[in-house]
Asker: 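Take this structure first; my questions come after.
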Amino acid sequence: MVNLPILQHEDKIVDTIDRNQVTIVIGETGSGKSTQLPQILHRRGYTSHRRLIAVTQPRRVAAVTVARRVSQELGVPLGDRVGYSIRFEDRTSEKTLIKYMTDGVLLRESLSDPELREYSVVVLDEAHERSLNMDVLLGLMKRLVKTRKDLKVVVTSATLDCEKVSAFFDGCPVVTVPGKLFPVEIFYREERPRSYVDACLEEALRIHVSQPEGDVLIFMTGQEDIEKLVAKLSERVSSLEEGSCMDAVVLPLHGSLMPELQVRVFAPAPPNCRRFIVSTNIAETSLTVDGVVYVIDCGYVKQRQYQPITGMYSLDVVPISKVQANQRAGRAGRTRPGKCYRLYSEDVYREDLLDETVPEILRSSLAGSVLYLKSLDLPDIDILEFDFLDPPSLESLEDALKQLYLIDAIDENGLITSVGRTMAQLPLEPSLSRTLLAANEYGCLSQALTVAAMLSSETALLASRSKIDGNKRMRETFSDLPGGDGLGDHIQLLQIFEQWDRVDYDMDWCKEHGLKARGMKFVRDVRRQLAQIMQKVARGSLDVRDQKGLTERQQGYKNLRKALCVGYANQLAERMIHHNGYRTIGFKAQLVQVHPSSVLEADGEGLLPTYLVYHELVATTRPFMQHVCAVKMPWVMPVLKKLEGLDISKLSGQSYKSNNTAHSNDASNVPSNSENMKTLDDAGSRIKAARERFLARKKKP
DNA sequence: GAGCACTGC
């Protein structure tokens, strides 16, 4: 600890922070910035007068483990002078001076105290990961330092484009602290391989027979490719001549792997045995595998993107950024000098790869963030001009405003409503928080709480199924799961949770029904948290309770569907007259279908309901609506009426601007905005082209 | 009749 690089720069760092409100600290891996920087500031008096140092982390585990280590280093119990606060878990006390937290928690806190008066310093750690929350925080901090002259902000990062961030913070100083990484030699390929699985296979075998001991980490895009490579590599390795090289084990590593299989990569390799870890980008930042000396990088990653024009999500294979490529290579140099084999040429690295990963704020729906910002009541600000490090496109902001208007969170002038204020208190996407409020009116809050909790952790629910396990969908495999009375997936989710409640939240029950126990436990926690927040305004019961009689239950479902229709006003679809295709209701109607995994049932003539709401539009082989629920025409009518009267320019405050020519002609924002949209367009088309090349190659035999 | 990168309040 004593020879951590950052301690040698202590005076310089403290001096810079003393004299500037915002400081950027570039700390490479192993510099000790996350653990040491807060301790340095603590030693130098930034925690006097009972003020705290806030340190945000992008992940829960990071907040916990770093807090734990710092408390050990200071020799104090965790939760005493050093604590952490993450969702569902607050380990801080009156004595806490250094507080680690996830960035989302700090955003929640600034909702109740926008000035963050508790803190003398806010350290935004790992800012280069650019989560949606981080980008909102960066914008808020830029405003806050202007009104709170005593506040210090430290933005730390491994590889951030420091000129851009420094310019964002009006030319603030940048301090660089070297890391403790060993050199990693990079090897390129002349050409992109035809098949990534086979190229990785050859490369891995070549390393195995020619290179000295050391584990191999292979970066692939997804579960399917990983399983293929694991199978092929295991087979080839076991068929190698005995005694010709050392033993080998091949381990898969990805998010949907069962936890007990995931931890295998943390066990050290048996003696004289090389480990091959075939991983998604989970091993890029989230998990650190010890013993890795060789890295094979396929150059691609799967990324979820949102198209504000169509309201559709897609999961695309895209080229990684230079930042990601370097992060992957760095995984080889943690314990000794390493080697990284890139399955692309140096030209591709230099010319084709983007410098930075496209930040999440440019590829997500912004409804939640916009509502959050509106609820802060920032003076003299209109949302289109909020100062983001990477401003989202106009389309993206207008898409968010339109949705917020249709669900009554903002009025026709774009001002936040009292409904919107209550919604912003709930840690949910706006469609679900609006559903809760409507359900409260209709007397079915308890059921809506369950549905919202189930949906907000949906991906964590289904037990992982690989292709090899078969193609059965959940209800076919586990036929005793309820089917939502044919009304749709929301009702099914409600019924599943109620059934789990009836067996007293038995964990074995989850496994027997193909549900992840951890995911279901998470649902319970979310539900509890939502119930607690809703308690203040709740009109009815918050308990998970089965209605006594059949008619009562059916009435409950009807009320719930009505509430869903209010919350999902921006996610409505109308069936075609003669077949089961749907058209989304809105400005840009999309032709979509109910996803085949839905439990929604057709009537006696084989027709699906005329109107339904959907949770998400996903473009896979075709555009699908995922998680649908049948609704009735009378409930839809108010939405249609509202749509007719919608004036997007009023919502986005354009009328305000036209009344203030000086303001609207303020050129400062215009060039940066349009410039950004151009680069994003470029990035988008390049990503698309590269993806098509990738897919074309993949399909060849 | 189809397909699951990774986080987080």
Asker: If you assign Arg87(A) and Gly255(A) each to the DNA chain B nucleotide with the nearest heavy atom, which residue ends up on the more 5' nucleotide?
Answerer: Gly255(A)
Asker: Please determine whether side-chain contact (heavy atoms from CB on, under 4.5 Å) holds for the pair Lys516(A) and Phe522(A), giving the CA-CA distance in whole Å, both sets of side-chain angles, and the decisive distance to 0.1 Å.
Answerer: CA-CA 10 Å; Lys516(A) 281 187 193 167; Phe522(A) 181 77; over 6 Å; no
Asker: Would you indicate what Ile282(A) reaches in the nucleic acid, counting non-hydrogen atoms under 4.0 angstrom: base, sugar-phosphate, or nothing?
Answerer: sugar-phosphate
Asker: Counting the atoms with a prime plus P, OP1 and OP2 as sugar-phosphate, which does Ser131(A) contact under 4.0 Å by heavy atoms, base, sugar-phosphate, or nothing?
Answerer: nothing
Asker: Output yes when a side-chain donor or acceptor of Arg528(A) lies under 3.5 Å from a complementary backbone atom of Phe88(A), and no otherwise.
Answerer: no
Asker: Which nucleotide, dA5(B), dT7(B), dC9(B), lies nearest any side-chain atom of Val105(A)?
Answerer: dC9(B)
Asker: Measuring from the side chain of Thr102(A) (C-beta onward, heavy atoms only), which nucleotide among dA2(B), dG8(B), dC6(B) has the closest atom?
Answerer: dG8(B)
Asker: Asn133(A) near the nucleic acid: base, sugar-phosphate alone, or nothing, with a heavy-atom cut-off under 4.0 Å?
Answerer: nothing
Asker: If I take atom CD in residue Glu284(A) and atom P in nucleotide dC6(B), what distance separates them, rounded to the nearest angstrom?
Answerer: 11 Å
Asker: Nearest to the side chain of Ser286(A), which nucleotide is it out of dA5(B), dT7(B), dG1(B)?
Answerer: dT7(B)
Asker: Is atom NZ of Lys322(A) surrounded by more than 12 heavy atoms (other residues, nucleotides or ligands) closer than 6.0 Å?
Answerer: yes
Asker: Have a look at Tyr372(A) and say if it touches a base, only the backbone sugar-phosphate, or nothing, with a 4.0 Å heavy-atom cut-off.
Answerer: nothing
Asker: Thr285(A) side chain N/O closer than 4.0 Å to the phosphate oxygens (OP1, OP2) of dC6(B)?
Answerer: no
Asker: Closer than 4.0 Å, any side-chain N/O of Arg59(A) to the OP1 or OP2 of dC6(B)?
Answerer: no
